[in-house]
Amino acid sequence: MSDRNTTEMHDYDFEMVCDYFTGLDRQGPGSADTTRKAASFIEGLNNNSRIVDLGCGTGTQTITLAQALPGHITGVDIFSPFIDIMNDKVAAAGLQDRITGEVGSMDELPFDEESLDLIWSEGAIYNIGFEHGINIWRRYLEPGGYIAVSEVSWFTEDRPEEIEEMWRAAYPEIDTIPVKVAQMQQAGYVPVATFAIPDSDWKEHFYEPMYPVQEAFLAKYAGNEAARKLVDNQRWEADLYYRYCRYYGYVFYIGRKI
Ligand code: SAH
């Protein structure tokens, strides 16, 4: 889900927002190629490695990750229907031995300290804030363990007022790449790699698949004002992305615990 929706989630019914996103393969911008590229920076894992995917949604990237890296992955999401869908997809892919879905919150994780080799999170850390997230998750990693998260970031020092205002309201923690990298170093990680995900991860893999989902959603919630508002908001957000995508996007930040 995009930052704005979640920030404004209290304006809508949480279940309704999740229902909208249940119809989509991904709940945030991304792609299998991007997941594989980020995974290529992770070294030293083996079949006994312990990986978590926080805010995994319906698990599309969890499955790609399991195909790219060895080890066992626990996918965690706060919304149980997403975990149900993920479990079905995992079974269909024959990966039940490699992936376990758990309903839970990313700010109250049930893992032991220094028990994990890799913490993964695509398009989800904003729910608790990037800086807070990388700081509170660090304790669960073994020394030398990796963190890999994607986070919305500014590409330029200055932006047009319209887009600046939208993000100031939606996610004030949005910042430039050097600021986020410095936060990672301050939190006790060696910054290993940083790359902006391609436009196509937003356009082809996120916004375009939404069109048919929006039609079906509006038919299901016919006459429901909140549903109409949700779809209008999605369309407005997509329009802003198409107009201003040279100023912001998702960036993968990969770090190694010192
Ligand atoms: N990683 C997926 C989903 C990103 S959308 C993808 O890239 O497609 C963000 C996800 O975070 C949603 O599935 C939402 O249910 C989940 N989420 C929101 N707050 C959460 C929390 N506190 N703990 C765990 N998951 C949370």
Side-chain angles (χ1 to χ4, degrees), residues 1-10 12-39 51-66 68 73-90 99-111 118-130 132-137 140 147-152 170-171 173 196-198 200-210 213 230 233-234 237 241 249-253:
M1 285 177 242
S2 68
D3 306 83
R4 185 176 173 86
N5 300 317
T6 309
T7 310
E8 293 198 341
M9 213 171 245
H10 40 265
Y12 306 109
D13 176 49
F14 181 73
E15 300 280 323
M16 183 190 279
V17 175
C18 291
D19 191 26
Y20 176 93
F21 282 95
T22 299
L24 293 161
D25 219 22
R26 316 191 62 97
Q27 289 73 47
S31 66
D33 281 349
T34 294
T35 298
R36 283 192 285 264
K37 179 171 174 175
I51 302 169
V52 295
D53 182 7
L54 305 180
C56 60
T58 61
T60 297
Q61 77 291 323
T62 323
I63 289 170
T64 305
L65 194 60
I73 308 178
T74 304
V76 178
D77 202 280
I78 203 161
F79 188 56
S80 65
F82 284 170
I83 294 294
D84 293 342
I85 294 171
M86 172 164 114
N87 286 336
D88 290 346
K89 285 198 224 171
V90 165
I99 299 174
T100 309
E102 268 182 37
V103 178
S105 184
M106 57 174 84
D107 57 1
E108 276 175 56
L109 294 172
F111 309 113
L118 169 61
I119 294 177
W120 198 268
S121 184
E122 290 195 35
I125 194 172
Y126 69 86
N127 284 298
I128 58 170
F130 177 85
H132 180 62
I134 61 173
N135 276 282
I136 64 166
W137 293 349
Y140 302 108
I147 186 166
V149 299
S150 65
E151 162 83 341
V152 71
Y171 184 55
E173 214 183 311
I197 75 171
S200 53
D201 282 10
W202 294 73
K203 294 175 178 170
E204 284 156 39
H205 295 281
F206 190 54
Y207 288 131
E208 282 171 26
M210 277 189 193
V213 166
L230 172 63
N233 189 61
Q234 286 301 312
E237 185 196 294
Y241 180 73
Y250 263 100
V251 172
F252 242 106
Y253 296 92

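Just so you know, ligand 1 is whichever comes first in the structure, and atom 1 is the first atom listed for that ligand.
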Exercise. Once the angle between the rings of W202 and Y241 is folded into 0 to 90°, is it parallel (under 30°), tilted (30 to 60°) or perpendicular (over 60°)?
Worked result: parallel
Exercise. Hey, is F82 touching ligand 1 through its side chain, its backbone, both or neither, going by heavy atoms under 4.0 Å?
Worked result: side chain
Exercise. Among D77, T34, L54, D25, whose heavy atom sits nearest atom 13 (O) of ligand 1?
Worked result: D77
Problem set entry | Part of N127 within contact of ligand 1 (heavy atoms, under 4.0 Å) | side chain
For this session: Ignoring hydrogens, just give me the one of A124, G55, P81, G123 whose non-hydrogen atom is nearest atom 3 (C) of ligand 1.
Result: G55
Exercise. Can you tell me how far CD of Q234 sits from CZ of F21, rounded to the nearest 0.5 angstrom?
Worked result: 4.5 Å
Problem set entry | ligand 1 atoms in contact with R26 (distance to a heavy atom under 4.0 Å) | 8 (O)
Exercise. Are the side chain of N127 and the backbone N or O of A124 linked by a donor-acceptor pair below 3.5 Å?
Worked result: yes
Exercise. Going through the distances and angles, do T35 and W120 end up as a side-chain contact (heavy atoms from CB on, under 4.5 Å)?
Worked result: CA-CA 10 Å; T35 298; W120 198 268; 3.9 Å; yes
Seminar exercise, completed: Counting heavy atoms under 4.0 Å, the part of C56 that contacts ligand 1 is backbone
For this session: Report yes or no: does a heavy atom of D107 sit under 4.0 Å from some atom of ligand 1?
Result: no
For this session: Just say parallel, tilted or perpendicular for the rings of F79 and F14, cut-offs at 30° and 60°.
Result: perpendicular
Problem set entry | Separation of I83 CD1 from T58 OG1 (nearest 0.5 Å) | 9.5 Å
For this session: State if G104 counts as touching ligand 1 under the rule of any non-hydrogen atom under 4.0 Å.
Result: yes
Exercise. Do the two ring centres, one from W137 and one from F111, sit under 6.0 Å apart?
Worked result: no
Exercise. Do ligand 1 and Y126 have nitrogen or oxygen atoms that lie under 3.5 Å from each other?
Worked result: no
